[in-house]
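Quick caveat: nothing in here was measured; it's all calculated off a predicted structure.
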Amino acid sequence: MTDELGRVAPARRRGLADEVADRIREAVFSGAYAPGAQLREVELSGALEVSRGPVREALLRLEREGLVRSAWHRGATVTTLTPRDIVELDSLRDALERLAVQLVVDNASDADIAAVEQAAERMERAEDEHAMVRRDIDFHDAVYAAAGHGRLEEAWRAIRSQVHLFLLTRIGRESRNYLAHIPGEHRELAAALRSRDADRALELFAAHRRTALDVLTAAPRPEEGAGTGRG
């Protein structure tokens, strides 16, 4: 009896679904699928040369990340962030980032901060806006890693794909200023961490977030039209 109760079901191999999720995620992050685009199982399974089962499992995983939404009448689509989504993501980032910045200033090693500085420098070499968004996310990955707080880093990972989508939505609204100014902003953020000036670092990180939020919450100009939500 005890043996029966103690048994667990055999583990399923999920490597293929992982790979499919990675491919779809990358397609979204590269702009191949814009917010609101449909993700059809049949088309994806054909393009990826896999059965529909791993595609279905991958889409469920991406839905848990917040990158995909499903509705009975439309199937799976790339998430289009609502105004409420945008405000909630910004406020959660604020809470997580405040703790991360304080921990980096108080506890990070010089090598940890050097990794943050290197992530900022790599932004100078981004070839387009989608690459810049990737480098932007990489920078924040480095900040959370430097904080040295495992559960905080897990909390960041839980919203990382949604923040990436947030930034894609931001460049869909306006990309010229983003490309021109974002590397310099991140160098300033890294320098504030290097100086161990918590007040200055918190002020700069808050201003950095506020710039993106202002772009996303401003009324769209007439010429932007349907391009506002473009990834």
(request) Keeping the roles fixed (side chain from Arg196, backbone from Val104), state whether a donor-acceptor pair exists under 3.5 Å. (result) yes
(request) Taking atom types as modelled, find out whether Asp112 and Ser109 have a side-chain donor-acceptor pair closer than 3.5 angstrom. (result) yes
(request) Output all residues satisfying salt bridge (charged side-chain N to carboxylate O under 4.0 Å, His left out) with Glu185, sequence neighbours left out; order by chain, then residue number. (result) none
(message) Looking at every heavy atom in both Glu129 and Tyr178, which two are closest together, and how far apart are they?
(response) O-CE2, 4.4 Å
(request) Report the distance from atom CD of Gln162 to atom CD1 of Ile86, rounding to the nearest 0.5 Å. (result) 12.0 Å
(request) Kindly state whether the ring of His208 and the ring of His181 have centres lying under 6.0 angstrom apart. (result) no
(request) Could you state whether Leu96 and Leu202 fall into the same hydrophobic cluster, counting links through intermediate Ile, Leu, Val, Met, Phe, Trp or Tyr residues with side-chain heavy atoms under 4.5 angstrom apart? (result) no
Considering only distance and modelled atom types, tabulate donor-acceptor pairs under 3.5 Å from the side chains of residues 146-157, sequence neighbours left out.
| from | atom 1 | to | atom 2 | distance (Å) |
| --- | --- | --- | --- | --- |
| His149 | ND1 | Leu152 | N | 3.0 |
| Trp156 | NE1 | Asp141 | OD1 | 2.8 |

(request) Could you verify whether a donor N or O on one side chain and an acceptor N or O on the other, from Thr211 and Asp214, lie under 3.5 Å apart? (result) no
(request) Check whether any side-chain heavy atom of His164 lies under 4.5 Å from a side-chain heavy atom of Leu67, and answer yes or no. (result) no
(message) List the residues meeting ring-ring contact (aromatic ring centres under 6.0 Å, His included) with Phe139, not counting sequence neighbours, and say none if there are none.
(response) His186
(message) Please report the interatomic distance CG(Leu89) to CG(Asp94), rounded to the nearest 0.5 Å.
(response) 12.5 Å
(request) Give a yes or no answer on whether the side chain of Thr77 reaches the backbone of Ala37 with a donor-acceptor pair at less than 3.5 Å. (result) no
(message) Does atom CZ (Arg23) have a neighbourhood of more than 12 heavy atoms from anything else shown, all under 6.0 Å?
(response) no
